Enquirer: 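Let me begin by handing over the structure; questions about it come next.
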Amino acid sequence: MQLLRDILDKQVVDREQVKIGKVDGLVAELRQGKPPRVVAIELGSVALGRRLGAAPGRWAARLAARLSGKRQARPHRIAWNKVRDIGVDIEFDIDVRRTKVFAWQDWLRQHVVGRIPGA
Amino acid sequence: MATVNLDHLAGRRVWSENGGSIGYIEEIIAEQDGDDLVVTEFHVGIFAAFERLSASTIGTALLDVFALRRREGLYRIPWDKIDISEPARPRLLCSEQELSGFKAGSQRRKTSH
Amino acid sequence: MVAGFIFMISSDCNEGKMVGPVIRLSRACLPLLLLALTSCSSSDTAEQQTELASSTAQAAAMVTDAWLSGAAPSCYASSALLSFAETLADAARQVQSASPSDPARRDALSTALSRLSNAANQAASAVKTEHHAQADQAQQELRAAQGDLAKAYSEYFAPQR
Amino acid sequence: MKKLLEISLGVVTSVGGFLEVGSMATAAQAGALFGFQLIWAVALGTICIIFLVEMAGRFAAVSRHTISDGIRERFGFNAFIWPLLAALLVNFLVLSAEIGGVAIAAELATGIGFQWWALPVAFFAWLLLWKGTFGLIEKGVSILGLVTLCFVVAAVMLHPDWKGVAAGAVPSLPQHDTAKYWFMAVSILGASISPYLFMFYSSGAIEDQWDKSYLGANRAIAGLGMTFGGTISVGVLIVAAVVLGANGVTEVDDYNQLPLMLIPIFGFWGFVLFVASLAVACFGATLEVALQQAYLVAQGFGWTWGEDLKPRDDPGFSLVYTLSLFLAAVPIALGLDPLKLTIFSMALTAASLPLTVVPFLILLNDDRYVGEHRNGVVSNTAVIFIIALGFVLAVVTIPLQIFGGT
């Protein structure tokens, strides 16, 4: 399997085919004497920022931290063992509502979209 | 556990021991090992994104037309011969002549999927 | 920007340095773009302004005709004529500020242009106040001024050619 | 067959793409100054866009992914960011010009300055996107877009010298104003081969849930839809040549001159038809480009998107078009002349064309996305030609703007 061509940047969907985002990052565990093991994928603006370079990475992290009120923003991670199907999209056996991935969309729903009538 | 972002490796320049660069990381190959997905080799070539384009014959043909595709420049380096602990500067862990052993022969296996 | 894409497609690398050449490239384009916004072709101003003026004057005549025949509403016709009058006045100013070899001919040309501009203004106010007679009269003035412009224009260029 | 009823996607794409204020103004200027000589540019633009739109529709129908999805997924984020930024900037300028176009139509009709109409137009467009569904917009704009057929009727009623028109379809060198001639050719090509056109079409194909069975219909819809737009653009050019150019109005740089095209033919109704055509075409384009901004961002980052979803269900998507619409209305509200804006936006569209056309060559030949429906030799040659044309346009646009720009 070719990780950069077939996994990175591909569309991620959850159990109910809800579009969660794209594979913005790919995390592997370095083990002594054994090949690196893919452990998780990363999603979100912080992961994307880091891919553009060190400086954009810091800005994205700082912005995300301020927006989400957390002290230090880290990209969302989904464990690789939850992957179900790797096709043109990559399906994970999770329910996005129980993850933090949609936190920003929920925030927007409550504070902005919800306020506009007829949303 | 020590982790590294493989996506930061994409397109990075790989440095050999004597400080020369042997090319860019074009692709990272992984195989299923039991229920683990493990990295087995790195493709380092003159042209960073070529592997991504190579899936399509027309992409290859176009790059051939512009002579951008120099296949003999591709190295297929096993995972233990590159130190990726610091993604910004991947370093080669093998000697020069060992490196030439990893040079992809002309009959690169067709990327079947 | 274009080379940026090809450069980036050829190197998925994401250190800052890879983005550097592209930024230098777009920085080079910016002054060009700004120049494009401000400059205008510097062909002979008098000739260019006169061509613009005769085209605008003809448009003014067509609008007045349309209004007189009831085919154009007053609010449109008057604002159009005002806009044309302004273009004509601006043309007159530009010709006046040009410094040709023979000032007498330049003045003849710029007076013809100002006459056109006044005629258009007259037509605009006539249309605004719905005075058909006055508009008719302004139309004649406009036609006469167009003839004037043609004469002044040919004199202005005749000897040099 | 029922699928051909989906022609409305082709019509709405071409109404929003071909007949917006930019292409209408350029076609009028080209006709007024060069008569029938630039018809070839409209024809060439139409043929190129038919190929690109057909491919975009096929890509979406087979892979259930749009072109922007494909660019992000296939080339990675570092490469995708360039077409993304270029398209967002160009679309912003075009969106602003379209809102300006509708505002001009309102000014012509009511006499109240176009600046005052900018925000009401943006609000009305937003309301339609916020409450409406894709089908409503698609069907509504294509039906209303039929009013622009008045240009074709006018062109036929003028009994132009059809041999001259046919001669115009063959590229020829200008006898005068060479820089302006080539600038107009580039603007016409830039206006017709605009990236938001085929990206909107590929998103529309997914909104209409097209699948492999739609491939035949897709070819017909792309062909007929774009030809509809191209024919009307030629109509505008012919009417401008016969009514304006022949009567000495050769410099069409003031939007007040545009209604003069139809008045001599239809009298007062000519004025009404022109204002209606301008309003409908530009409003259709406003909806299309605003939606395209949202599609571009949502697909690029993988969010859920869909005009048929309630804004609650895709907040990111709906807020992008909301922000785009109101931000784009600002330059017009400040009194910036939409015609000057369109000239500049078309030059930028031409310059950014390669960024979005080069990926076609790879995406439409990637059998993981399009399977056996890959490009044939004809389509691939067409894409390579369009890429070459795109590079030429990109290189000549800026110098031409300096010397030939109105």
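Within every chain, numbering begins at 1; the chains are lettered A, B, ... in the order of the sequence lines, protein sequences first and strands thereafter. Treat the numbers as computed from the prediction; the structure is a model and nothing was measured. Just so it is clear, the values below take in all heavy atoms, side chains as well, and ignore hydrogens, waters and symmetry mates.
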Enquirer: Would you mind reporting whether B/Asp36 and A/Glu29 have side-chain heavy atoms less than 4.5 Å apart?
Expert: no
Enquirer: Nearest 0.5 Å please: distance from the CD atom of A/Glu42 over to the CG atom of B/Asn5.
Expert: 4.5 Å
Enquirer: As an exercise: rank B/Val39, B/Asp80, B/Thr40, B/Ile84 by heavy-atom pairs under 4.5 Å with chain A and give me the winner.
Expert: B/Val39
Enquirer: Set out, in order, the CA-CA distance, both residues' side-chain angles and the distance that settles side chain to side chain contact (heavy atoms under 4.5 Å, CB included) for A/Gln2 and B/Ile29, then state yes or no.
Expert: CA-CA 5 Å; A/Gln2 306 197 0; B/Ile29 306 298; 3.9 Å; yes
Enquirer: Picking from B/Ser85, B/Ala30, B/Pro78, which has the most non-hydrogen pairs under 4.5 angstrom with chain A?
Expert: B/Ala30
Enquirer: Does B/Glu27 use its side chain to pair, donor to acceptor, with the backbone of A/Arg5 at less than 3.5 Å?
Expert: yes
Enquirer: One pair to check against side chain to side chain contact (heavy atoms under 4.5 Å, CB included): B/Glu31 and A/Met1. What are the steps and the verdict?
Expert: CA-CA 6 Å; B/Glu31 308 289 349; A/Met1 182 188 308; over 6 Å; no
Enquirer: Could you state the interatomic distance from CD1 (B/Ile28) to CG (A/Leu4), rounded to the nearest 0.5 Å?
Expert: 4.5 Å
Enquirer: Over all heavy atoms of both residues, which pair between A/Leu3 and B/Leu6 is shortest? Give the atoms and the distance, please.
Expert: CD1-CD1, 3.6 Å
Enquirer: Please classify the contact between B/Asp35 and chain A as side chain, backbone, both or neither, with a heavy-atom cut-off of under 4.5 Å.
Expert: neither
Enquirer: For A/Arg97, is the CZ atom crowded, meaning more than 12 foreign heavy atoms sit under 6.0 Å from it?
Expert: no
Enquirer: If you round to the nearest 0.5 Å, how far is CG of B/Asp7 from CD1 of A/Ile7?
Expert: 12.5 Å
Enquirer: Is it the side chain or the backbone of A/Val23 that comes within 4.5 Å of chain B heavy atoms, both, or neither?
Expert: neither
Enquirer: Kindly compute the distance separating CG (B/Leu37) from CD1 (A/Ile86), expressed to the nearest 0.5 Å.
Expert: 7.0 Å
